[in-house]
Structures are given as C-alpha cells and as structure tokens.
Amino acid sequence: MKTSEFEQGRNIIMGVSLFLFSFLVLRTMYIFGNSIIPGMSHLYNLYSGNIAPNIITVILFDFRGYDTLGETFILITAVITTTMVFGWGSLKGYKKKEIPQMTEKSTVIQKLISFPMSMLLVAFGVTVILGGHITPGGGFPGGSVIATGYFLSVVIYGLKKTPFRFTHKFLVNLSTIGALIFLLTGVVGLVFSAYYHGTGYYLYNTGVDPYQIINVGAFGWDNILDYPDPTHPGVLPYLNIGVGFNVLAGLSLIAMFLMEAKKDE
Amino acid sequence: MSSEAITLGLANQWGPILFGIIYGLIIGSKIDSEEINRAKYPIVLISGLLIAMALGTYPEYQWTLFDHVIRISEAFISTIIGLFTMMLIRRQ
C-alpha cells in the first residue's frame with residue numbers, strides 16, 4: 001500500500017507515542033508496590049466521619065468518586081442517545097415544523113402561578129445542591145428539582161412562550177461544563193496528592209482536614225471567612241456543583257427534545 | 001494530611017451566597033420576563049424570603065425578632081436575588 005509522506009510521518013509519530021506509552025505502563029506496573037501508601041485506606045475509613053457531617057456524601061463522592069463520575073457520564077450518554085433518537089437535526093438548526101403549543105389548555109391560575117413557582121423551585125434546587133455536603137440532598141436531586149422547575153414552565157406556557165428561554169447550545173454547554181468541573185476537580189486532587197504524598201490519586205479529596213491539625217485555611221484567610229461546621233468537606237461541594245450543572249442541563253435537554261419530538265410525527 | 005488548598009468557597013459561609021448568586025445569574029440570563037409583571041415582583045420576593053426563613057440552617061444567620069429566633073437560608077435568598085438582578089438587567 002502506497003502512503004504519502006505526510007501519512008508516513010504521522011505513522012512514525014504514532015509508533016513512537018505507542019512505544020513511550022507502553023514503556024510507561026510497564027514501568028508503572030513494575031514499581032506499583034512502591035506507589036502505595038500502606039494503611040491509608042484503614043486510616044481513611046477511621047476518620048471518614050470527620051470529613052463532612054453528611055456521611056452519604058462522603059461515601060458517594062469520596063469513597064466512590066469513580067462511581068459518581070461514571071453516573072455523570074451515563075447521564076451524558078443518555079442525553080446524546082435521546083438527542084439522536086428524538087431530536088435529530090435540532091442541534092444543527094434545520095428548518096423545524098410548527099412547534100406544538102399547549103397554552104390553550106392552560107388556565108389562568110396555572111399561568112399566574114407556574115412561573116413564580118418555577119423561580120422558587122430553581123432557588124430550592126440551588127439550596128439542595130449547595131447544602132449537599134451538610135444536609136440531605138446533593139447534586140443529583142438539586143439538579144432534578146431545577147429541571148422540574150424548567151419543565152413546569154414549559155408544560156404550562158409551551159416551548160415558544162416559556163419564560164425560561166433555554167437554548168440547545170446553552171444546555172449542552174452547561175452539561176459539558178458540569179462534567180468538566182468533575183473531571184478537573186479530580187485532576188486537582190491528582191496534582192495536590194502527588195505534591196504532598198509523592199503519589200498522585202485521581203479524585204483525591206483535597207482540602208480535607210480529618211485530624212484537625214491545620215487551623216489556618218488557604219492563604220491564611222480561614223480566620224476571616226470562618227466555616228460554620230467544625231470540619232472541612234474538601235472538594236465534595238464542588239463535585240456537587242458539577243453534578244448539579246450536569247443533571248439540570250441534561251434533564252432539561254431531554255425534556256426539551258421530548259417536547260419537540262411531537263412535531264415530526 | 002491535607003493542603004487546605006480549596007478552603008475558599010463553599011468551605012466558609014460566603015460560599016453559598018456567592019455560588020447562589022452565580023447560579024441565579026446564569027439561569028436568570030435566560031429568563032425573558034414577559035410572563036411576570038411588576039405587581040408580582042414583591043409577592044415573589046416576599047414568598048422567597050418566607051421560604052428562605054423556613055429553610056434556614058446555619059446558626060450564623062440568625063436574628064432575634066420579638067423574642068423569636070429567625071434564620072435565613074442564604075443559598076435560597078441569594079439565588080432569588082441573582083434571578084431578579086438578571087431579570088432587571090435584561091429589562092433595561
């Protein structure tokens with residue numbers, strides 16, 4: 001098979017990269033025993049109750065952070081699948097047929113109350129998300145509550161007249177930003193645990209102080225901005241925020257596509 | 001054990017206020033407020049304040065009024081404030 005010079009150069013770069021990757025994987029496997037801090041898991045289990053008052057959050061985001069990461073991407077996969085099945089062409093901006101209106105069925109009371117109720121639901125969802133590490137709740141329920149608020153106004157006012165003018169692009173961006181927050185917070189843990197322990201752990205809970213040793217926070221600002229709880233949850237609230245963005249955008253996108261899907265019947 | 005690198009933010013009491021306003025501004029930037037007229041603004045605000053008082057958690061945000069302890073959920077009320085701020089900006 002004849003290949004051009006450009007393809008040959010690309011093949012050489014590919015081969016060298018593969019060789020380097022294989023060498024690094026082999027070396028990591030060879031020195032794997034030295035990379036483990038013995039007793040780490042035991043101590044962590046012992047002190048996990050001091051990380052955040054909500055032990056479920058600790059288990060969900062700290063012990064099983066990879067699991068929650070997988071759930072986040074399952075949601076993205078579901079949104080992509082729904083987009084492909086029901087909303088084909090919507091993201092590319094093809095000419096749409098008439099969007100079904102549901103405003104004729106709505107009564108005056110529904111129209112009067114649903115938008116303020118949607119706003120209050122959005123605020124309640126944000127409260128659930130931001131208090132996820134100290135109260136019952138978290139990113140997934142809070143995002144679902146916000147998406148419920150959006151869906152309420154869409155059902156009452158219709159897609160065209162709804163006060164929440166979410167566009168496809170905005171929701172896709174929001175969902176992606178949520179997933180990126182999760183991934184980059186994991187990288188932050190990798191960098192900081194590599195700096196302090198010599199070994200990098202992805203999704204390491206940076207900022208946690210289970211031994212109550214460090215009383216001064218970042219840059220010495222902790223005295224001014226004191227935390228109401230005696231413990232530090234680390235990066236768990238930020239993971240909650242990322243999951244919240246992802247879930248609110250993903251569920252709203254699914255709802256929007258399912259509403260739009262009627263027009264193509 | 002830890003680096004305490006990210007204590008600024010939600011690890012203090014200003015975090016919920018800040019992130020609530022951010023959430024409110026992001027979602028409020030997409031609200032086209034034709035469906036709500038000026039007469040409803042104070043009603044929604046007062047309802048939001050009442051619900052925020054019902055959801056209040058942190059002991060730092062409490063006052064004593066007529067011998068009753070009143071707490072405010074700062075995330076809830078800051079989200080409402082963020083939503084209304086963005087709606088007012090968009091109406092200009």
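Throughout, protein chains are lettered first and strands after them, A, B, ... in sequence-line order, and every chain is numbered starting at 1.
- No close placement of the B:Phe76 and A:Phe124 rings is indicated, their centers lying 6.0 Å or farther apart.
- Heavy-atom distances place no part of B:Ile77 under 4.5 Å from chain A, backbone and side chain included.
- Counting only N and O atoms by type, the side chains of A:Ser114 and A:Tyr157 include a donor and acceptor under 3.5 Å apart.
- A:Phe170 touches chain B through its side chain: at least one heavy atom from C-beta onward sits under 4.5 Å away, while N, CA, C and O do not.
- Here A:Phe245 and B:Tyr23 bring their ring centres to under 6.0 angstrom of each other.
- In this structure, A:Ile109 places its CD1 atom where only 12 or fewer heavy-atom neighbours from other residues, nucleotides or ligands lie under 6.0 Å away.
- Both the backbone and the side chain of B:Ile31 come within contact range of chain A, each with at least one heavy atom under 4.5 Å from a heavy atom of that chain.
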